[in-house]
Amino acid sequence: MTGLVRAELLKYFTTRMSWSMPLTMFLVGAIFAAVQGLVLVLIGEFPGSGGEVIRPAELFDDLTLARMVYTGAIQMGYLLALVLGILAMGGEFRHRTITSTLLSAPRRGRLLTAKVTGLVLVVLVNGVAFVAGSLLGGGIMLAVGDAAVFPEPGQLLGTPAKMLLILVLWGLIGFGLGVLIPNQVIALFVGIGVTLLIEPLLGFGLTFVDQLKEAARYFPSQATTSVLDLFAGVDDATAQSMGSADPLTWWVGALVLLGYAAVMTLLGWVVTTRRDVS
Amino acid sequence: MNSAAADGTGVSVRGLTKTFGSFRAVDDLTFEVRPGRVTGFLGPNGAGKTTTLRMLLGLIRPTAGEALIGGHHYADLQHPLQVVGAALEATGFHPGRSGRDHLRVLAATHAIPDARVDELLELVGIPAAARKRAGDYSMGMRQRLGLAAALLGDPQVLLLDEPANGLDPEGIRWMRGFMRHLAREQGKTVLVSSHLLGEVEQTVEDVVIIANGHLVREGTMDELHGDPAVLVRTTDAPTLAAALARAGIASAPEDQPGSLRVLTGDLARVGDVALAVGLPVHELRPLRTDLERLFLELTESPEHRNRNLEVTSTTPAGAAPAPTGARHTDIPPPTGADAPVPAQEENR
Ligand SMILES: Nc1ncnc2c1ncn2[C@@H]1O[C@H](COP(=O)(O)OP(=O)(O)OP(=O)(O)O)[C@@H](O)[C@H]1O
Ligand SMILES: [Mg+2]
């Protein structure tokens with residue numbers, strides 16, 4: 001088993017993606033966290049839904065503000081993690097390396113386990129680059145805007161950890177998708193399309209249906225937001241005015257994401273064990 | 001012969017069948033491959049060779065029957081690369097990964113050291129090229145890399161799918177010698193597929209010939225060649241035939257006037273008989289079976305007509321299929337390098 005995991009890691013580290021992906025993660029983290037910082041701290045005011053002017057710096061305590069800035073890039077981050085997950089399996093089909101891979105690891109269940117393990121490690125490596133970028137980009141903006149860069153470090157530390165968790169979970173969702181849809185291009189299309197387009201539209205649509213309002217909380221992107229637990233320590237009224245409508249507890253959100261990943265990987269596993277490779 | 005099988009790992013295919021939808025790609029195929037010999041696995045395009053090999057390797061699930069290696073299913077082998085080495089057509093390489101790294105990835109699964117990887121790259125003749133990105137490889141280099149991958153675990157059994165494709169003449173010669181070496185000196189089981197009998201005839205001892213998924217012939221190369229025969233040309237064939245008959249040698253008239261087909265391998269004897277009856281010998285040479293023709297007869301006989309080339313009911317009437325039109329497309333175009341060896345002498 002360790003041999004199989006080693007092989008999976010070697011696959012990742014012997015292509016250009018081994019450095020281009022962490023670099024992208026770092027830059028995306030830095031840029032989007034910086035933009036978030038620019039909006040929340042430097043510009044510092046924007047119109048609220050009722051026409052009033054919202055000044056986040058006044059509305060939130062330092063801790064919440066820092067959390068919001070540092071996690072500014074999370075959506076881009078988990079999309080990249082999704083891509084990493086899809087490529088883990090999709091690349092094998094695309095480049096027809098699946099034949100050699102299965103010859104060296106004919107038990108497909110073991111192969112999938114090794115791939116999942118390898119992917120978690122690869123996403124963690126990339127996640128560290130992403131978090132580092134986010135801290136740098138966001139930190140600079142917080143410093144420039146005279147806000148606290150590391151308020152209450154003890155509590156703030158949870159945020160990067162949760163960001164890593166989110167990336168790993170999305171990587172696994174992507175893996176499930178890649179296993180289920182062997183055509184890498186279609187899998188990427190579906191994964192990114194659903195996340196960026198269909199899911200938000202559906203979530204928005206659901207807000208008009210009373211019985212289904214609750215359901216949107218369990219959607220991947222909203223579950224992700226609840227994992228971040230941005231408003232921990234903020235009173236509910238303020239949190240709700242910021243559009244955080246009754247989120248899931250952070251670990252419930254994590255379990256929901258894990259559920260998506262597990263269901264897709266299991267479906268994919270069932271399909272994979274019977275699939276002909278020719 | 002069965003004693004040899006006891007020492008090595010053989011391959012056995014029993015009642016193997018695979019249908020894709022309603023199409024029977026492999027149909028109740030049964031054959032054995034013995035250790036210490038090179039076995040040619042022959043059949044025209046689309047006969048089902050690759051599908052059979054993929055079933056042996058657990059890549060395709062048989063619809064019925066089994067394909068076993070040393071009595072085991074491939075997936076049940078503890079360290080498969082150390083038992084079976086396979087080079088299949090349409091095996092891909094990640095274009096951005098070097099050939100050497102491709103092998104290192106495979107080696108990692110079996111804890112095979114990098115030194116072995118380099119040793120094999122040396123053996124197949126691409127030590128330097130293997131450090132380049134595989135996307136830039138020529139057909140022949142990919143073929144060599146695939147062979148190196150098959151040899152990685154020093155396996156007992158080698159399954160090679162059209163290994164000569166894309167190799168230059170030097171490469172083909174090396175490949176033939178290497179396969180013989182593996183089988184004869186190292187006692188390995190070598191199954192090599194080809195759609196050209198002539199390509200493998202000097203290399204293989206046994207043949208398994210299939211057409212349209214069916215077995216059409218299984219046996220040794222000697223059996224395929226049949227009994228030895230001699231062609232003799234003289235001025236009075238009937239007299240010579242009678243003299244030969246008195247000497248206990250059967251013969252039959254050949255197409256050319258004055259020619260006889262004599263059923264013996266002994267050229268001198270035929271000459272001596274002619275001399276004894278005072279007949280001149282204008283030509284005297286061994287007749288060898290035209291294997292290429294035999295192969296065509298076996299695989300293209302009416303009941304084995306290539307199903308892939310038949311006009312189907314959906315084809316407009318009168319539209320004859322192009323010779324290669326219905327072939328599936330994963331066969332690389334032939335290059336000059338893998339042209340068949342020149343046809344041997346005529347016969348019959
Ligand atoms: N996955 C598949 N789905 C449908 N048909 C298939 C599939 N794989 C193979 N076939 C068909 O099965 C037949 C046998 O194919 P196979 O590749 O085994 O032939 P082959 O003997 O290796 O031929 P070649 O000499 O051209 O390599 C062909 O007609 C092919 O079109
Ligand atoms: Mg083939």
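Values reported hereafter were calculated over all heavy atoms of this structure, with side chains retained and with hydrogens, waters and symmetry mates removed. Below, chains carry the letters A, B, ... as their sequence lines are ordered, and counting in each starts from 1.
Interface residues of residues 110-136 of chain B toward chain A, defined by a heavy-atom distance below 4.5 Å and sorted by number: B/H110, B/R133.
Shortest non-hydrogen contact noted between A/L10 and B/A108 is CD2-CB, 4.2 Å. Counting all heavy atoms, side chain and backbone alike, B/L16 lies closest to B/P62 at CD1-CB, 3.7 Å. Smallest separation of non-hydrogen atoms from B/P163 and B/L167: O-CD1, 3.6 Å. Residues B/L215 and B/I210 approach most closely at CA-CG2, 4.1 Å, considering heavy atoms.
Residue B/F93 touches chain A through its backbone alone, counting heavy-atom pairs closer than 4.5 Å. Of the atoms belonging to A/R275, it is backbone heavy atoms, and not side-chain ones, that fall under 4.5 Å from chain B. No part of A/S18 comes within reach of chain B, as not one of its non-hydrogen atoms sits under 4.5 angstrom from that chain. Neither the backbone nor the side chain of B/H79 comes within contact range of chain A; no heavy atoms are under 4.5 Å apart. In this structure, chain A has no heavy atom under 4.5 Å from any part of B/A149.
Here B/R61 is the residue among B/R61, B/M55, B/K18 with the most heavy-atom pairs under 4.5 Å with chain A. Per-residue heavy-atom pair counts under 4.5 Å with chain A were compared for B/L77, B/V84, B/D101, and the maximum is reached by B/D101.
You'll find the side chain of A/F219 stays beyond 4.5 Å of the side chain of A/V256, heavy atoms only. Here the side chains of A/I192 and A/V83 are in contact, with some heavy-atom distance below 4.5 Å. Side-chain contact check for B/H214 versus B/D28: every heavy-atom pair is 4.5 Å or farther apart.
Neither side chain, B/K49 nor B/S194, offers a donor N or O lying under 3.5 Å from an acceptor on the other.
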